[in-house]
Amino acid sequence: MDLQEKAFALARHLHDENIIKMDDLDQLKSETYEEIVLLLRQKLQETYPQTKLKRTMKSVHFANGFQDERLKRVAIILTDEIEQYLTLNKFLDHDTSVEFFNNKITSAGFVINPISLVEVGFESLCICKGRKI
């Protein structure tokens with residue numbers, strides 16, 4: 001699975017869990033992973049405008065060593081902004097998400113590289129659960 005598919009899977013999950021509403025979900029299949037992440041951030045901002053994000057220390061972010069600036073930006077938005085929206089609005093437990101991420105990247109056979117780390121970042125957010133309506 002590539003990054004675009006992981007980004008789309010996260011968008012679908014957030015929609016299916018009733019965390020965000022997306023009428024044009026299938027149109028995202030033609031967007032890049034970066035465009036999907038930016039749209040998800042925008043949808044979360046619009047849906048949860050009362051959410052006050054905390055500034056995080058970007059100096060210690062795992063993506064700081066990434067050579068690809070686009071990939072670095074996506075990793076930071078995923079883990080610093082989207083994760084906070086999900087956590088602060090009680091859709092995701094931060095500790096569970098971090099544990100999932102850490103277990104995945106330390107599992108036997110996992111090859112650590114920028115793309116695989118961002119893929120796991122997407123996966124770690126897909127464990128969030130929406131409120132039932």
Side-chain angles (χ1 to χ4, degrees):
M1 188 176 278
D2 69 7
L3 289 173
Q4 192 280 342
E5 291 169 335
K6 294 278 188 184
F8 181 76
L10 176 60
R12 176 170 295 289
H13 181 75
L14 295 178
H15 172 77
D16 291 351
E17 287 292 322
N18 297 309
I19 295 170
I20 57 173
K21 300 270 187 258
M22 299 187 75
D23 298 328
D24 53 352
L25 188 63
D26 285 331
Q27 291 179 353
L28 291 181
K29 290 180 179 177
S30 64
E31 303 292 338
T32 68
Y33 70 90
E34 183 180 28
E35 291 166 329
I36 294 171
V37 166
L38 293 173
L39 178 63
L40 291 177
R41 178 176 63 180
Q42 177 188 343
K43 289 285 189 182
L44 288 164
Q45 288 169 336
E46 292 169 358
T47 307
Y48 306 99
Q50 78 288 357
T51 305
K52 301 293 183 226
L53 301 184
K54 298 174 185 172
R55 291 219 184 267
T56 55
M57 290 181 50
K58 294 196 185 334
S59 62
V60 297
H61 199 280
F62 73 86
N64 280 340
F66 291 5
Q67 297 300 311
D68 182 331
E69 287 298 320
R70 204 171 103 184
L71 194 59
K72 179 178 181 176
R73 178 176 181 210
V74 165
I76 290 172
I77 290 170
L78 275 178
T79 57
D80 287 357
E81 295 182 45
I82 293 176
E83 194 269 348
Q84 276 194 67
Y85 273 104
L86 297 174
T87 300
L88 293 171
N89 287 289
K90 310 282 190 241
F91 299 119
L92 179 69
D93 179 74
H94 173 75
D95 293 337
T96 302
S97 177
V98 169
E99 180 181 10
F100 176 93
F101 185 89
N102 290 339
N103 286 340
K104 189 85 172 199
I105 68 169
T106 58
S107 64
F110 186 83
V111 178
I112 294 181
N113 62 52
I115 292 173
S116 66
L117 290 172
V118 174
E119 286 176 340
V120 175
F122 280 116
E123 292 173 14
S124 71
L125 298 180
C126 282
I127 63 174
C128 64
K129 298 289 182 202
R131 296 181 190 109
K132 301 298 177 205
I133 27 179

For this session: Determine, step by step, whether N89 and T47 satisfy the side chain to side chain contact (heavy atoms under 4.5 Å, CB included) criterion, reporting the C-alpha distance in whole Å, the side-chain angles of both residues, the deciding distance to 0.1 Å, and the verdict.
Result: CA-CA 11 Å; N89 287 289; T47 307; over 6 Å; no
Exercise. Does the S116 side chain pair with the main chain of V111, one donor and one acceptor, at a distance under 3.5 Å?
Worked result: yes
Seminar exercise, completed: Applied to residues 95-118, the salt bridge (charged side-chain N to carboxylate O under 4.0 Å, His left out) test, sequence neighbours excluded, yields K104-E123
Exercise. What are the two closest non-hydrogen atoms of L88 and K52, and how far apart are they?
Worked result: CD1-O, 3.5 Å
Seminar exercise, completed: Smallest heavy-atom separation, A75 atom then F66 atom, equals CB-CE2, 4.1 Å
For this session: Please report the closest heavy-atom contact between A7 and I36, naming both atoms and the distance.
Result: O-CG2, 3.6 Å
Exercise. Going from CG on L44 to CD1 on I19, what distance comes out if it is rounded to the nearest 0.5 angstrom?
Worked result: 8.0 Å
For this session: Look at D24 together with K29 and state whether they make a salt bridge at an N to O cut-off of under 4.0 Å.
Result: no
Exercise. What's the spacing between R70 CZ and R73 CZ if we round to 0.5 Å?
Worked result: 10.0 Å
Problem set entry | Heavy-atom closest contact (F91 atom, G130 atom, distance) | CD2-CA, 3.7 Å
For this session: List the steps, then state whether side chain to side chain contact (heavy atoms under 4.5 Å, CB included) holds for E31 with V37.
Result: CA-CA 10 Å; E31 303 292 338; V37 166; over 6 Å; no
For this session: Taking all heavy atoms of R12 and all of L25, pick out the closest pair and write down the distance.
Result: NH1-CD2, 3.6 Å
Problem set entry | Shortest non-hydrogen contact from V120 toward F101 | CG1-CD1, 3.4 Å
Exercise. Hey, what do you get for SG (C128) to CG (D93), rounding to the nearest 0.5 Å?
Worked result: 12.0 Å
Problem set entry | Heavy-atom neighbours of D26 CG exceed 12 at 6.0 Å | yes
For this session: May I ask whether L86 and V98 are part of the same hydrophobic cluster, defined by side-chain heavy atoms of I, L, V, M, F, W, Y residues being less than 4.5 angstrom apart, directly or through others?
Result: no
Problem set entry | More than 12 heavy atoms from other groups under 6.0 Å of CD on E46 | yes
Problem set entry | For T32, side-chain hydrogen bond (donor to acceptor under 3.5 Å, both in side chains) partners two or more places apart | E35
Exercise. If you round to the nearest 0.5 Å, how far is CZ of F100 from CG of L125?
Worked result: 9.5 Å
For this session: Find out whether K43 and L14 are in side-chain contact, i.e. whether some heavy atom of one side chain is under 4.5 Å from a heavy atom of the other.
Result: no
For this session: Please test L3 against F122 for side chain to side chain contact (heavy atoms under 4.5 Å, CB included), starting from the C-alpha separation and ending with a verdict.
Result: CA-CA 9 Å; L3 289 173; F122 280 116; 4.1 Å; yes
Problem set entry | Listed partners of D16 passing side-chain hydrogen bond (donor to acceptor under 3.5 Å, both in side chains), at least two apart | none
Seminar exercise, completed: Here the gap from Y85 atom OH to Q45 atom CD, rounded to the nearest 0.5 Å, amounts to 4.0 Å
Exercise. Got a sec: does the CD1 of I115 have more than 12 other heavy atoms crowding it under 6.0 Å?
Worked result: no
Problem set entry | Whether E5 side chain and Y33 backbone form a donor-acceptor pair below 3.5 Å | no
For this session: May I ask you to decide if D80's main-chain N or O and Q84's side chain share a donor-acceptor pair within less than 3.5 Å?
Result: yes
Exercise. Distance only, no hydrogens: is a donor on one side chain within 3.5 Å (strictly under) of an acceptor on the other, for E83 and T87?
Worked result: yes
Problem set entry | ILVMFWY cluster, I112 and F62 together (side-chain gap under 4.5 Å) | yes
Exercise. Hey, what do you get for CD1 (I82) to CG (L92), rounding to the nearest 0.5 Å?
Worked result: 11.5 Å
Exercise. Stepwise, does the side chain to side chain contact (heavy atoms under 4.5 Å, CB included) test hold for L78 with L40?
Worked result: CA-CA 9 Å; L78 275 178; L40 291 177; 5.9 Å; no
